[in-house]
Amino acid sequence: MPPTGPSVEREIVLPVPAEEAWELLADDERLEEWLAPDVDLVPEPGTPLHVREEDGTERVGIVDDVVPGERLAFRWWPLDEPDRESTVELVLEPAVGGTRLVVVETMRSFGGPAAWGVRLQACAAATRLSSRA
């Protein structure tokens with residue numbers, strides 16, 4: 001049963017077209033620019049997800065839903081704490097000046113703040129890095 005507890009919602013306008021914004025969500029190498037240093041994600045429903053954060057914390061999960069170019073949803077939890085499962089929905093929307101990225105994380109119970117504000121700032125920074133390449 002998916003978590004139905006408290007939710008955290010954050011959004012940011014990325015200064016890139018929707019196609020590039022989607023790459024930031026659906027490509028492992030692009031995810032590693034902003035989500036965590038080590039990400040294994042295939043954007044297909046039912047596939048496993050593995051994330052290793054900078055501090056060594058590992059999260060595992062499963063991709064629940066994908067609408068290419070628009071939406072990625074998954075469940076994840078700390079490797080050693082499966083009872084801390086949360087659902088994450090990342091949605092792309094057209095916006096003036098680029099593409100709006102909205103993230104909603106719903107937790108089973110409040111287990112501390114989700115770090116999405118920092119992650120979204122890193123995602124925006126990744127768009128600036130790719131435009132220089």
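Values below: all heavy atoms of this structure, side chains included; hydrogens, waters and symmetry mates excluded.
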Problem - CA sep, side-chain torsions, deciding dist, call: F74, T87, side-chain contact (heavy atoms from CB on, under 4.5 Å) - result: CA-CA 6 Å; F74 55 86; T87 59; over 6 Å; no

Exercise for the section: Kindly say whether A36 contributes a backbone atom to a donor-acceptor pair with the side chain of E53 at under 3.5 angstrom? Expected result: no

Exercise for the section: Mind checking the CG-CZ spacing from D64 to R75? Nearest 0.5 Å is all I need. Expected result: 4.0 Å

Problem - W22 side chain to P68 backbone, donor-acceptor under 3.5 Å - result: no

Practice task
Could you walk me through whether W34 and L25 pass the side-chain contact (heavy atoms from CB on, under 4.5 Å) test, one step at a time?
Solution key: CA-CA 10 Å; W34 68 273; L25 305 183; 3.8 Å; yes

Practice task
Would you give the length of the straight line joining atom OG1 of T47 to atom CG of L41, rounded to the nearest 0.5 angstrom?
Solution key: 6.0 Å

Practice task
Could you walk me through whether D28 and D40 pass side-chain contact (heavy atoms from CB on, under 4.5 Å), step by step?
Solution key: CA-CA 6 Å; D28 288 355; D40 183 13; 3.9 Å; yes

Practice task
Kindly compute the distance separating CD (E70) from CD (E93), expressed to the nearest 0.5 Å.
Solution key: 10.0 Å

Practice task
With the side chain counted from C-beta on, respond yes when P78 and R84 share a heavy-atom pair under 4.5 Å apart, and no when they do not.
Solution key: yes

Exercise for the section: Taking all heavy atoms of E32 and all of V39, pick out the closest pair and write down the distance. Expected result: OE2-N, 3.0 Å

Exercise for the section: Could you grab the distance from atom CG of L72 to atom CG of D65, nearest 0.5 Å is fine? Expected result: 8.5 Å

Handout entry: E9 side chain reached by V102 side chain, heavy atoms, under 4.5 Å
Key = yes

Handout entry: Non-hydrogen side-chain atoms of V103 and V88 separated by less than 4.5 Å
Key = yes

Handout entry: Heavy-atom check, side chain of V104 versus side chain of S7, under 4.5 Å
Key = yes

Fill in the blank from the handout: CD (E29) and CG (L24) are apart, to the nearest 0.5 Å, by 12.5 Å

Problem - Shared-cluster residues of W77, by chain and number - hydrophobic side chains joined below 4.5 Å - result: V60, L79

Exercise for the section: Find the distance between CD (E54) and CG (D38) and round it off to the nearest 0.5 Å. Expected result: 11.5 Å

Practice task
May I ask you to test the L90-L101 pair for a side-chain heavy-atom distance under 4.5 Å?
Solution key: yes

Exercise for the section: For T99 and V16, indicate whether the former's side chain and the latter's backbone hold a donor-acceptor pair under 3.5 Å. Expected result: yes

Practice task
List the steps and the verdict of side-chain contact (heavy atoms from CB on, under 4.5 Å) for E89 and E105.
Solution key: CA-CA 6 Å; E89 179 182 30; E105 183 168 16; over 6 Å; no

Handout entry: Close side-chain approach of I12 and R10, heavy atoms under 4.5 Å
Key = no

Problem - Nearest heavy-atom neighbours spanning R30 and E23 - result: CB-O, 3.3 Å

